[in-house]
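Inspection log for the structure reproduced underneath, given as structure tokens.
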Amino acid sequence: MTAADALPPLDWRAMPLHGRVLIEASAGTGKTWNIGVIYLRLLLERELRVEQILVTTFTDAAAQELRERLRRRLVEAERLLASASIDAASDDPLESWLAALCPDEDRTRHALRRIQLARTDLDRAPVSTIHALCQRIQRDYPLESGAAFANDKLFDEQQLMRECVEDFWRRRYLVGSVDPREAELLLKDGPEGLLRDLGGLANNADARIEAGGLAELERRLATLRTPDSITELQRLAGDRTLYAPRKSALSNRLDKIARALQDDDEEQLATALDDAFDPDQVLAQEAPASAGTLNAHPLIEALQALRPLLQLRTTFTRGAVLAEAAQACREEMPRRARQRHVMTFSMLIDAVYQRLCGEQADDVLADRLYEAFPVALIDEFQDTDQRQFAIFERIYRGRGTLVMIGDPKQAIYSFRGGDIAAYLRASEQAGQRFSLGTNHRSSRALVEALNAWYGHTEGGFGQPQIRYQQVAPAGKADEKPYAVNDETVAQPLVIHPFRGDAVDRKGNPLKALGELEALALDDCANRIAELLNDPRQRIGGQRVTPGDIAVLLSTNNQIVALRSRLVARGVPCVGGGRGNVFAGEVARELELILYAVLHPDDDQAVRGALAT
């Protein structure tokens, strides 16, 4: 990354408190701390009340934590202002700023009173998720937002989707005939597999599945299956004048293709339609006197066009079913929600979006919201999708203060709701862009290693607009270094080669992904156990503990698999995932106990409970 690509570091004392500001953060760069001091500036410099500063983040837990962090900043500022003296030359940036802001006793007393009022009112401050904000908008502004006065209860979106998918499944596969290829591909996983594949598609109006590929494939096959086409292919296969001496590969394949089309054998057709139909290979098969004749023949061109489509048959089939299921969910979920007088989170977002940005939108709701919240701080902005951003964009269009704080590198993770297009659009509209350039969490050696690693890439995240911003180490982590044999590890970024015995019983290299994955998980668990059992490995002079180790995995199934391996090796661990608590061993044993309590006269039930 060139110096021209680097964003200026954020100086929170001088950051403008008007307009649109984008702050790009990285892990450990003090994002939440900076939100807290910007919040203080808004309270003391703009003299806003806490009810006027809208703060949103990604999850309810994050919102609660952010509220407590803001409370902590208020308490810290109150303590400093209430002390006998504050020093403008202090190494504490908050103390030095407060000293410059309050040079005399009157200003100090006024600031202290405002901080105390803010701390008292903080529980009423709008600090929430975007979904909760939309719920509040409908509750507080029912006329402007078009919401019903009788608030609909929030309902589990996944449960509604499950009902719709199960109904779709019954209508498609339990009534009438089923396409054999579709049945072979989808029936084995049942509605659960379809629900898993749908993910968040059904309730995301911006998501699309293009389902036209299957229709195009069938159209091309139907054209080739006509008697005239089959007869012509047989003629091409048998006309030896078209081929060079001792060149029979293409003619043999054309003969097989003609028979496959005649017998409606798509598997045989796909097998015969191989690399021999590459234009260069076709040309190499032709007789010199008729070079180019076959490549120009309409049926050869049709087969060449069919070949990539035929390879995507499975994808097209699944895509067509997913598209129909997604559309069914989009149509059916709102209807069922209205019948039950409930709303889902996505419906909340959509309702507010339509009122602010839809075809029938006016300025009334946006103006009311701006009057209530002249300033908005959006935490974890990289997780904001286009509709959510559009809501804020409309409220603060050409006015107010909109501060967006996030890590753009995380916008590539769609499973979190990240939307690269939304982030880039917001970035283009920001009048001021800054970066948090100091890492307070990691050691100097690790920060420098990562800077060097990403310095050799063109961004490093699959998107040229999303670039790694180099950070400087604060050095705090070096006070408790990671050491081996009392020597600080100088190269903490290590790429471990896979050391599993990745061969089968015959000594051939394994190729099956499932088997390789199992060996990799075993290898990871073994490394962790070795690390914990090695007394030479220390952090800040203390033995490495399980709480010092974190493992990131791609899927929930991998989390469960690694957790079981670690437990088998005596390593205590916790895992974050989307598994069901009732699917665990403890839940199964609890069920046995509760059943025995409910049926005390059942000897087998009692013995089963006692065996847990």
For the backbone of [Y] and the side chain of [X], can you confirm whether one donor and one acceptor N or O come within less than 3.5 Å of each other?
{"X": "Asp156", "Y": "Gln158", "result": "yes"}
{"X": "Glu157", "Y": "Ser346", "result": "yes"}
{"X": "Lys31", "Y": "Gly28", "result": "no"}
{"X": "Thr271", "Y": "Glu267", "result": "yes"}
{"X": "Arg563", "Y": "Val574", "result": "no"}
{"X": "Arg569", "Y": "Ala529", "result": "no"}
{"X": "Gln558", "Y": "Ser554", "result": "yes"}

Side-chain heavy atoms of [X] within contact of [Y], under 4.5 Å:
{"X": "Phe392", "Y": "Ile130", "value": "yes"}
{"X": "Phe316", "Y": "Leu310", "value": "no"}
{"X": "Gln268", "Y": "Asp263", "value": "no"}
{"X": "Val165", "Y": "Cys329", "value": "yes"}
{"X": "Ser435", "Y": "Ile23", "value": "no"}
{"X": "Leu221", "Y": "Glu266", "value": "yes"}
{"X": "Arg170", "Y": "Val175", "value": "no"}
{"X": "Arg225", "Y": "Asp264", "value": "yes"}

Would you please say whether a donor-acceptor pair under 3.5 Å links the side chains of [X] and [Y]?
{"X": "Arg20", "Y": "Gln429", "result": "yes"}
{"X": "Arg565", "Y": "Asn526", "result": "no"}
{"X": "Gln469", "Y": "Ser26", "result": "no"}
{"X": "Glu380", "Y": "Gln382", "result": "yes"}
{"X": "Ser427", "Y": "Arg433", "result": "yes"}

At their closest point, which heavy atom of [X] faces which heavy atom of [Y], and how far apart are they?
{"X": "Pro408", "Y": "Gly406", "value": "CD-O, 3.5 Å"}
{"X": "Leu224", "Y": "Ala302", "value": "CD2-CB, 4.1 Å"}
{"X": "Leu592", "Y": "Ala609", "value": "O-CB, 3.9 Å"}
{"X": "Leu198", "Y": "Leu322", "value": "CD2-O, 3.8 Å"}
{"X": "Leu553", "Y": "Leu562", "value": "CD1-CD2, 3.8 Å"}
{"X": "Leu348", "Y": "Cys134", "value": "O-CB, 4.0 Å"}

Pi-cation contact, Tyr141 with Arg368 (under 6.0 Å, within 45°): no
Mind checking whether Tyr468 and Tyr454 have parallel, tilted or perpendicular rings, split at 30° and 60°? parallel
Could you grab the distance from atom [atom1] of [X] to atom [atom2] of [Y], nearest 0.5 Å is fine?
{"X": "Leu194", "Y": "Arg196", "atom1": "CG", "atom2": "CZ", "answer": "9.5 Å"}
{"X": "Arg139", "Y": "Arg136", "atom1": "CZ", "atom2": "CZ", "answer": "6.5 Å"}
{"X": "Ile35", "Y": "Ile405", "atom1": "CD1", "atom2": "CD1", "answer": "4.0 Å"}
{"X": "Ile137", "Y": "Leu356", "atom1": "CD1", "atom2": "CG", "answer": "6.5 Å"}
{"X": "Leu306", "Y": "Gln311", "atom1": "CG", "atom2": "CD", "answer": "9.5 Å"}
{"X": "Leu261", "Y": "Lys256", "atom1": "CG", "atom2": "NZ", "answer": "14.0 Å"}

For a side-chain contact (heavy atoms from CB on, under 4.5 Å) check, start with the C-alpha distance between Arg394 and Arg397, then their side-chain angles and the critical distance, and finish with the verdict. CA-CA 5 Å; Arg394 179 63 190 88; Arg397 185 179 297 168; 3.5 Å; yes
For [Y], is there an ion pair with [X] - N to carboxylate O distance below 4.0 angstrom?
{"X": "Arg335", "Y": "Glu332", "result": "yes"}
{"X": "Glu218", "Y": "Arg313", "result": "yes"}
{"X": "Arg220", "Y": "Glu216", "result": "yes"}
{"X": "Asp385", "Y": "Arg387", "result": "no"}
{"X": "Asp275", "Y": "Arg307", "result": "yes"}
{"X": "Arg172", "Y": "Glu182", "result": "yes"}

Atom [atom1] of [X]: over 12 foreign heavy atoms under 6.0 Å:
{"X": "Gln604", "atom1": "CD", "answer": "no"}
{"X": "Glu589", "atom1": "CD", "answer": "yes"}
{"X": "Ile495", "atom1": "CD1", "answer": "yes"}

With side-chain contact (heavy atoms from CB on, under 4.5 Å) as the criterion, how do Thr32 and Leu66 come out once you've worked through the C-alpha distance, each side chain's angles and the decisive distance to 0.1 Å? CA-CA 7 Å; Thr32 307; Leu66 186 54; 3.7 Å; yes
Check step by step if salt bridge (charged side-chain N to carboxylate O under 4.0 Å, His left out) holds for Arg340 and Glu163. CA-CA 13 Å; Arg340 302 179 188 183; Glu163 292 177 9; 2.5 Å; yes
Evaluate side-chain contact (heavy atoms from CB on, under 4.5 Å) for Ile378 paired with Phe58, printing each intermediate quantity in order. CA-CA 9 Å; Ile378 309 178; Phe58 185 53; over 6 Å; no
With side-chain contact (heavy atoms from CB on, under 4.5 Å) as the criterion, how do His341 and Phe155 come out once you've worked through the C-alpha distance, each side chain's angles and the decisive distance to 0.1 Å? CA-CA 9 Å; His341 300 288; Phe155 193 76; over 6 Å; no
